[in-house]
**Student:** 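Okay, here's the structure, questions in a sec.
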Amino acid sequence: MITRDMLLKILHNIAKVIEENRQFLTDLDAAIGDGDHGINMNKGFKAVEEKLNSLKDKDCGTILKTTAMTLISTVGGASGPLYGTAFLKASAVVNGKMELSSQDIIKMFEEAINGVMMRGKAQRGEKTMLDALIPAYEVLKNSIESGKSLKEAFQDAAKAAYEGVEYTKTIKATKGRASYLGDRSIGHQDAGATSSYLMIKTIAETLD
Amino acid sequence: MITRDMLLKILHNIAKVIEENRQFLTDLDAAIGDGDHGINMNKGFKAVEEKLNSLKDKDCGTILKTTAMTLISTVGGASGPLYGTAFLKASAVVNGKMELSSQDIIKMFEEAINGVMMRGKAQRGEKTMLDALIPAYEVLKNSIESGKSLKEAFQDAAKAAYEGVEYTKTIKATKGRASYLGDRSIGHQDAGATSSYLMIKTIAETLD
Amino acid sequence: MKKIINNPENVVNEMLDGIVKAHPEYVKRLEGFNVLVRADKHDKKKVALVSGGGSGHEPSHGGFVGEGMLDAAVAGEVFTSPTPDQVFEAIKAVDNGEGVLLIIKNYTGDVMNFQMAGELAEAEGIKVESVIVNDDVAVENSTWTTGRRGIAGTIFVHKIAGAAAEKGMNLSEVKRIAEKVISNVRSMGMSLTPCTVPAAGKPGFELAEDEMEVGLGIHGEPGTHREKIKPASEIVKDLLDKIFNDIDLKENDEVAVMINGLGGTPLMELYIVNNEVEKLMREKGLMIYRTIVGNYMTSLEMAGFSISVLKLDDELKELLDYKADTPAFKKL
Amino acid sequence: MKKIINNPENVVNEMLDGIVKAHPEYVKRLEGFNVLVRADKHDKKKVALVSGGGSGHEPSHGGFVGEGMLDAAVAGEVFTSPTPDQVFEAIKAVDNGEGVLLIIKNYTGDVMNFQMAGELAEAEGIKVESVIVNDDVAVENSTWTTGRRGIAGTIFVHKIAGAAAEKGMNLSEVKRIAEKVISNVRSMGMSLTPCTVPAAGKPGFELAEDEMEVGLGIHGEPGTHREKIKPASEIVKDLLDKIFNDIDLKENDEVAVMINGLGGTPLMELYIVNNEVEKLMREKGLMIYRTIVGNYMTSLEMAGFSISVLKLDDELKELLDYKADTPAFKKL
Ligand SMILES: Nc1ncnc2c1ncn2[C@@H]1O[C@H](COP(=O)(O)OP(=O)(O)O)[C@@H](O)[C@H]1O
Ligand SMILES: Nc1ncnc2c1ncn2[C@@H]1O[C@H](COP(=O)(O)OP(=O)(O)O)[C@@H](O)[C@H]1O
Ligand SMILES: [Mg+2]
Ligand SMILES: [Mg+2]
Ligand SMILES: [Mg+2]
Ligand SMILES: [Mg+2]
């Protein structure tokens, strides 16, 4: 179970981690994209961070929806609408709720991924954030269903996401800006998959 | 006395020396000007060189006038009109002559310098070609009048021109492009003075 | 990073103010937004054209706001697509009941952000259509990928669809015209140097003194491949070959040509390129109807250029020559 | 040296052909000469304007040949004044009996070569007058030196004297107007990078990553001094201070402003500069009547800019706004 306070703490920590990795994510994007992923994501989560205080008394749905709208109106680029849609779809699952059950979390994650796939018209294996998100979701679901704690489940998910990031190094991009490089994109890890991994890892580390 | 053939040989050798010093003159001009003096002068004397063959049977005045017009229509920049005018004024002194006496040569040199001063509105001491030409002329005249051979006289003149070039290092430019640098022009030798010195030295070396 | 700026985080904002101050008779800024709209009074009921994208492509797109071209341009951060709320404001500001055409360059981010904005506008009852420009032949077309990028050919869409709207054509006609331009235009570019996003502080890639990057987009990203520098004539041949391979052009076909500078290349070189382009076109028996040379869709200070070729018919010719009066493109 | 060219020795020739091929409706080349003249048919008896100088300043000067500006532009080698015979041909080609005004930038070479051409033309009975533009305040004025350089302010002379000629003023009137512009315009520039003359193959000077060159001309030559890079606001203040020190401007005076890019600077930065220029102008109580931003008098691929300020009166305002239609400057 994730309480509203824990949710706020997770968002706060994600903002911190994204800020710490601003340059790293930007460099990853520079290699095969246009070198702005860290900059954009940091701008978005800084804006989210500034709103967290005013969300202290809100329900989880509102918190996530505000996060979504803030990302959509500040990040820009490809990741803005994608992460924005992810949070928006997740928020719809938990409208009005003050805490999130394990089942909620699985459903939120599922909806978020569907949102990204719908918005970006991409599949797993195209060297995008989906290559971190989908395996992480599958492992999370499994671990929860096999009775592990949420923290453990997210630790497993983070591992799977990390492997997904590693996997992106081996494949050619067919979606996003890196797709223009064709085979030259092979050998580089995807920036968006990396930011997804960082978020999941942060959830695992924040949970107690 | 300088015969027509010797005059042609001198022009030929000047063209060669200018070509050899194309980069050197350009670098000098780059330091305090716009870095084209060697390029421009080489273009001009290459064009002169191409005409020498057709001038074999012409008088000295025609040879010098053709040289002048060729320089005027190919060199461009400041040095084109200046050297062009110099040769044009010199040519007028020896219209129709098949050889040049020592007195002709003194007069030609004098007229050439007057032409440069009139066209460029400059004096000695302004860090231009005149700082090589004027002392060279004075020494040449002196040496001839004191009975030295033409070769010796031009050797003396070349020495004076060289000193003139050295002198340009110590002064501030007040004419030409280098004048825009103000005090920053001090410490650099003038490109036009250097090309003038090279020409006089070449005359000395070509004479026998 | 050597740039004449104040704060790297504030370049887009200051630039937009600088544009408005330079061209107050053409453009004004929507207060609080990174959106430039037409400042000239016109009561004409017409289809409104909205374009935009990341900044760093100046004069695209703000420079094309004016009579006969765009009604609004939305500026994102440098090389970053603007967000849907910004595009939505632009749409609301310029719609006068005849509907709005969004001219989008085919980048995942641009497409998603503009389309989300279109959805918001439609929800408010505004008629919105969009076209997606994908003229860059460097990227192989495929239904399995993102598809081709939109680059300098977009200017032809602005010009010609803009004329159609100014002439009073309705939304579906203007869209048809825009799509005809898109299906008739092909582009490809190369660069000699990378460029530096102000907020990133360092160049997007590195090139040796004797290397050039070929088949690249307009966001400082690397191209499809890297080569040793060649003479202009050979570079032009390579790019035109790719373009000719991709579009059906027969002898005596009429075309418009754009030699677009990427920002750091002097006009001298663009004209030398144009000299080569004309030679190859003539050899192929093509008739050059109009040529445009200059910096129109740039990539900050990148040195390089792209060639765009637009196949014309009578309708496109008339619209290409129609009056335009904008800061960066004027046709008397 | 990284350039998109063929042979360094042939750049001017190929460029001129490229210009003519791009703008056949505006310019044609005098066969065998590096001279571009108006291609549009006009039977108007009018004073003809001839300008030019070294190449490498594109679009200056060929880009300004057309209705309401120049009648001919003479191109020398890169950064090298053209020779008198070339200028003479230009004069002969465009004179229609009303006389010719030579617009010369104040460089020893330009002045001498153009004046020699003027002498040749006068010897053939053509009425020739000349004006010498010396707007660069970086160089202290003095009767003992060459005097100030002519830089981007020259474009205002082309525009305004061109309008005067197009309106039918006679030679002495057009000359009076040109001289009024010259006495009312001041400019100053700076650069972040040097540039490379193709035939030289290496840059004219070197600058460290954190240095800028201030008070420089348009021929790749060093400036009056070197400084650490500063924010745009401070650079603009330094340049404008120099300009304001040199020209008498009172509150509510009207001015035209040009932010001129040197070739390698993106428009984004020029607009950021313009934003600062407008702020300082406003603080001083000056009224900006018109602003021109772009690459008009360049120095090959040099990154940098110059600011020009022209003090206006009613006569100059009317001529500044007069119709112009040339490849690089259009006023509807
Ligand atoms: N169609 C897509 N579906 C899912 N993820 C995508 C898609 N396109 C791009 N991405 C993700 O977005 C990341 C790039 O984000 P960002 O750099 O912020 O945007 P942009 O590419 O517009 O500059 C990529 O690394 C990739 O993970
Ligand atoms: N007014 C002048 N009088 C005499 N010599 C001059 C004058 N102005 C320039 N020069 C000479 O011309 C040389 C520069 O020639 P060049 O580089 O070919 O022309 P530009 O300065 O037009 O590029 C200078 O080094 C100087 O010696
Ligand atoms: Mg990116
Ligand atoms: Mg020189
Ligand atoms: Mg981006
Ligand atoms: Mg020169």
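Proteins come first, then strands; the chains are lettered A, B, ... in the order of their sequence lines, and each starts at number 1.
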**Student:** Roughly how far apart are A/R177 CZ and C/T108 OG1, rounded to 0.5 Å?
**Tutor:**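 Rounded to the nearest 0.5 Å, the CZ-OG1 separation comes to 7.5 Å.
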**Student:** Please flag which part of C/E9 lies under 4.5 Å from any non-hydrogen atom of chain A: side chain, backbone, both or neither.
**Tutor:**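 Only the side chain of C/E9 comes within 4.5 Å of chain A.
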**Student:** So which residue, C/G217, C/P84, C/A138, C/G54, ends up with the most heavy-atom pairs under 4.5 Å with chain A?
**Tutor:**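 Highest number of pairs under 4.5 Å: C/P84.
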**Student:** What residues of residues 79-98 of chain A sit under 4.5 Å from chain C when only non-hydrogen atoms are counted?
**Tutor:**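 The list, in residue order, reads A/P81, A/L82, A/T85.
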**Student:** Checking A/Q123 against chain C: side chain, backbone, both or neither under 4.5 Å from a heavy atom?
**Tutor:**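 Answer is neither: A/Q123 stays 4.5 Å or more from chain C.
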**Student:** Contact part of C/Y107 toward chain A, heavy-atom cut-off under 4.5 Å: side chain, backbone, both or neither?
**Tutor:**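 For C/Y107, the contact with chain A is made by backbone and side chain together.
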**Student:** Count the heavy atoms of every other residue, nucleotide or ligand shown that sit under 6.0 Å from CD of C/E206, and state whether that count exceeds 12.
**Tutor:**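 Open.
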**Student:** Picking from A/A78, A/G33, A/S73, which has the most non-hydrogen pairs under 4.5 angstrom with chain C?
**Tutor:**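 Between A/A78, A/G33, A/S73, the count favours A/S73.
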**Student:** Report the option among A/A122, A/G76, A/G176, A/G77 that has the most heavy-atom pairs separated by less than 4.5 Å from atoms of chain C.
**Tutor:**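 Between A/A122, A/G76, A/G176, A/G77, the count favours A/G77.
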**Student:** Name the option with the most non-hydrogen atom pairs under 4.5 Å to chain C; the candidates are A/T26, A/N40, A/T74, A/V75.
**Tutor:**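 When all of A/T26, A/N40, A/T74, A/V75 are compared, A/N40 has the most.
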**Student:** Could you state the interatomic distance from CG (A/L71) to OG1 (C/T83), rounded to the nearest 0.5 Å?
**Tutor:**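 Between A/L71 CG and C/T83 OG1, I get 11.5 Å after rounding to 0.5 Å.
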**Student:** Return yes when atom OH of A/Y162 has more than 12 non-hydrogen atoms of other residues, nucleotides or ligands closer than 6.0 Å, and no otherwise.
**Tutor:**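 12 or below, so no.
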**Student:** Looking only at atom types and distance, does a side-chain atom of A/R184 sit under 3.5 Å from a main-chain N or O of C/G223, one as donor and one as acceptor?
**Tutor:**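 At least one qualifying donor-acceptor pair exists.
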**Student:** Please determine whether the number of non-hydrogen atoms from other residues, nucleotides or ligands lying under 6.0 Å from atom NZ of C/K230 exceeds 12.
**Tutor:**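 More than 12 heavy atoms, drawn from other residues, nucleotides or ligands, come within 6.0 Å of this atom.
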**Student:** Specify the closest pair of heavy atoms between A/Y180 and C/R148, including all atoms of both residues, with the distance to one decimal.
**Tutor:**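 Looking at all heavy atoms of both residues, the closest pair is CE2-C, 4.4 Å.
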**Student:** At what distance, to the nearest 0.5 angstrom, does CG of C/N113 lie from CD1 of A/I72?
**Tutor:**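 Nearest 0.5 Å value for the CG-CD1 distance: 9.0 Å.
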**Student:** Residue by residue, which of residues 108-119 of chain A have a heavy atom closer than 4.5 Å to a heavy atom belonging to chain C?
**Tutor:**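 Listed by number, the contacting residues are A/R119.
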**Student:** I would like to know whether A/Q23 and C/K202 meet side-chain contact (heavy atoms from CB on, under 4.5 Å); could you show each step before the answer?
**Tutor:** CA-CA 11 Å; A/Q23 194 59 49; C/K202 56 186 185 192; 4.0 Å; yes
**Student:** Check whether more than 12 heavy atoms from other residues, nucleotides or ligands sit under 6.0 Å from atom NZ of C/K92, and answer yes or no.
**Tutor:**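 More than 12 within 6.0 Å, yes.
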**Student:** Would you please go through residues 43-68 of chain A and name the residues with a non-hydrogen atom below 4.5 Å from one of chain C, in numerical order?
**Tutor:**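 Against chain C, the residues of residues 43-68 of chain A that fall inside the cut-off (heavy atoms, under 4.5 Å) are A/K43.
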**Student:** Does A/D34 use its side chain to pair, donor to acceptor, with the backbone of C/G220 at less than 3.5 Å?
**Tutor:**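 Side chain of A/D34 to backbone of C/G220: no pair is present.
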**Student:** If I compare all heavy atoms of C/A200 with all of A/G35, which pair ends up nearest, and what's the gap?
**Tutor:**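 That would be CB-O, 4.3 Å.
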**Student:** Sort A/A178 into side chain, backbone, both or neither according to what part of it lies under 4.5 angstrom from a heavy atom of chain C.
**Tutor:**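 For A/A178, neither part sits under 4.5 Å from chain C.
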**Student:** Would you please name every residue forming a salt bridge (charged side-chain N to carboxylate O under 4.0 Å, His left out) with A/E166, sequence neighbours left out?
**Tutor:**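 Result, salt bridge (charged side-chain N to carboxylate O under 4.0 Å, His left out) vs A/E166: A/K169.
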**Student:** A/D27 versus chain C, heavy atoms under 4.5 Å apart: side chain, backbone, both or neither?
**Tutor:**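 For A/D27, the contact with chain C is made by the side chain alone.
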**Student:** Calculate, to the nearest 0.5 Å, the distance between atoms NE2 and CG belonging to C/H225 and A/D183 respectively.
**Tutor:**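 Output value for this atom pair is 13.5 Å.
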